[in-house]
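Counting starts at 1 for both ligands and their atoms, in listed order. All values derive from a computational prediction rather than experimental measurement.
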Amino acid sequence: MITLASTPSAGQTWLSWFLVAAAVLVSGLLLAGPALRRRSPAAWWLLLGFPVTCLRVARTWRPLMAGCGLAVSRKAALTVVSGLLAHGAPPPHPRVPRRGGMRPTAHGFWFPVRLLPGQTPEDFVKAASAMAHDWRVHAVRVTTAEPGVVRVTATALDPLRQPRVPRQRGTGPLLRVVVGVLESGAPWVVDLRKIPHWLIVGATRSGKSTLINALVAGFAPQPVALVGIDCKGGMELSLYERRLSALATDRAQAVKLLAALMDLTSARMEVCRAARVRNIWGLPDEERPVPVVVIVDEIAELFLVANRSEKDEAQAAATGLVRLAQLGAALGVYLVVAGQRVGSDLGPGVTALRAQLGGRVCHRVTDSGTAEMALGDLNPDALEAAQTIPPDQAGTAVLASADGWERARSHLVPEERAEEIAAMYAHLTPYLPGLADAVGEPADGTAVHIERLDRDA
Ligand SMILES: Nc1ncnc2c1ncn2[C@@H]1O[C@H](COP(=O)(O)OP(=O)(O)OP(=O)(O)O)[C@@H](O)[C@H]1O
């Protein structure tokens, strides 16, 4: 008689387990090998930390859900029936939300969870801190993946502690710059084609200038015009003057520069209307005007009023910025506005401007009003995260947009490096006569000025 199936002996079972474990170890080594050679913490996490954490999550899931009030007791009727049948046996375990398989990431893992009837994603958001403590990971975030399913993402290693600056390959896509790293380990990208205007806030020494350095260093090699408004006498932005098409260093100049920028957008509007397109990106390549990135350092200097005589000027600056933000995106004018303290006390223009600045970056702040201004209207739950940024982690910020929020840290680009890059690409500085005239750039000019005129001709 032929036996089709036989029960494996204990020796055979151990052998197959051993082979599976060896295969997992070898494939793990192959996957993580290159990173291990670079002594990357992410590789060690994948090889050793992830399997241990998988076991920990599996072991603690049920008690964790029960402890956080996320377990649901079985239906009363079922409990009665099971009690009758089992003659006094202990009642069945409460139901806990079903957890999907754990997927590793470079710095942690994620898995989906199906909600039980009556549960909402907010119930899980409240339990995130308990999950992080139970699993001994750096942080846990809960987001809604689809109706009825939340995504639990854990970060085991804090990628913001020592962010790696990636090797720069070429200039990258137009108006898109990698300025740092996100908490998920992914690059932090500022893409002005997606989010055209940005508000960057932070207390002194929190990392605002370093982020602006990263932006200038990223945009300098691209075919874009950079324009600066730095009413602190140009102390910050004048370092990059050779790559700036115009720089206003006081409020009077800023008002004229903003008016010139409005004229530029009006002229572009005419061009688009004549070509029957809705924005400059609809124009043929050879007719498309150069994109203009306007960097405003210290917005309070533009808005604050010390006496009556300054009121009109501040009002004109506020109106200019708000109008530019309203019209600029379609016409290739983008705003990056930075400030130490941004509150409603700067005047009604600030709230109107904020509404137009869709990208928000909130570094460590010393007053809750500034964090509220930067994040409160988009993501109120990000406020707490912004207020807990430690002072020894300069450059760390909470990013918010209509899509959600996350923590990130900029790459440390020192001003000397940004200045060097700006000088290296000075020959790419477009000459925009209206803007140069507004800030009174000398007509005779330097070598750079002549070079710009030549190129333009
Ligand atoms: N991303 C970063 N990584 C590491 N260190 C950073 C980072 N950003 C800033 N720093 C450190 O913090 C210091 C202060 O940063 P920065 O000058 O950008 O602050 P700031 O907010 O512009 O201050 P202020 O408002 O006084 O000009 C820097 O000299 C640098 O040493």
Gln393 near ligand 1 by a heavy-atom separation under 4.0 Å: no
Ring-face cation of Arg99 near Phe111 (centre distance under 6.0 Å, axis angle within 45°): yes
Proximity of His363 to ligand 1 by residue part, where a heavy atom lies under 4.0 Å: neither
Option nearest atom 3 (N) of ligand 1 (shortest heavy-atom distance, choices Ala397, Ala394, Gly395): Ala394
Basic-acidic side-chain contact under 4.0 Å: Asp377, Arg360: yes
Pair Ser209-Glu415, side-chain donor/acceptor within less than 3.5 Å: no
Glu236 neighbourhood, listing ligand 1 atoms whose heavy-atom distance to it stays under 4.0 Å: 27 (O)
Residue-ligand contact Gly202/ligand 1, heavy atom below 4.0 Å: no
Which of the ligand 1 atoms, numbered from 1, are nearer than 4.0 Å to a heavy atom of Thr210: 8 (N), 9 (C), 15 (O), 16 (P), 18 (O)
Donor on one side chain, acceptor on other, Ser266 and Asp263, under 3.5 Å: no
Numbering as shown, the atoms of ligand 1 that approach Gln340 to under 4.0 Å (heavy-atom distance): 25 (O)
Proximal atoms of ligand 1 relative to Gly207 (non-hydrogen, under 4.0 Å): 8 (N), 9 (C), 15 (O), 16 (P), 18 (O), 19 (O), 20 (P), 21 (O)
Residues Asp297, Lys232: salt bridge by 4.0 Å N-O rule: no
Ring geometry between Trp135 and Trp61 (parallel below 30°, tilted from 30 to 60°, perpendicular above 60°): parallel
Atoms of ligand 1 close to Ala203 [distance to a heavy atom under 4.0 angstrom, numbered from 1]: 21 (O)
Proximity of Pro414 to ligand 1 by residue part, where a heavy atom lies under 4.0 Å: neither
Polar contact flag, side-chain donor to acceptor under 3.5 angstrom, Gln253-Thr249: yes
Subset of ligand 1 atoms that lie under 4.0 Å from at least one heavy atom of Arg205: 13 (C), 14 (C), 19 (O), 20 (P), 21 (O), 23 (O), 24 (P), 26 (O), 29 (O)
Contacting atoms of ligand 1, where contact means under 4.0 angstrom from a heavy atom of Ser206: 19 (O), 20 (P), 21 (O)
Electrostatic pair Glu406-Arg141, nearest N-O below 4.0 angstrom: no
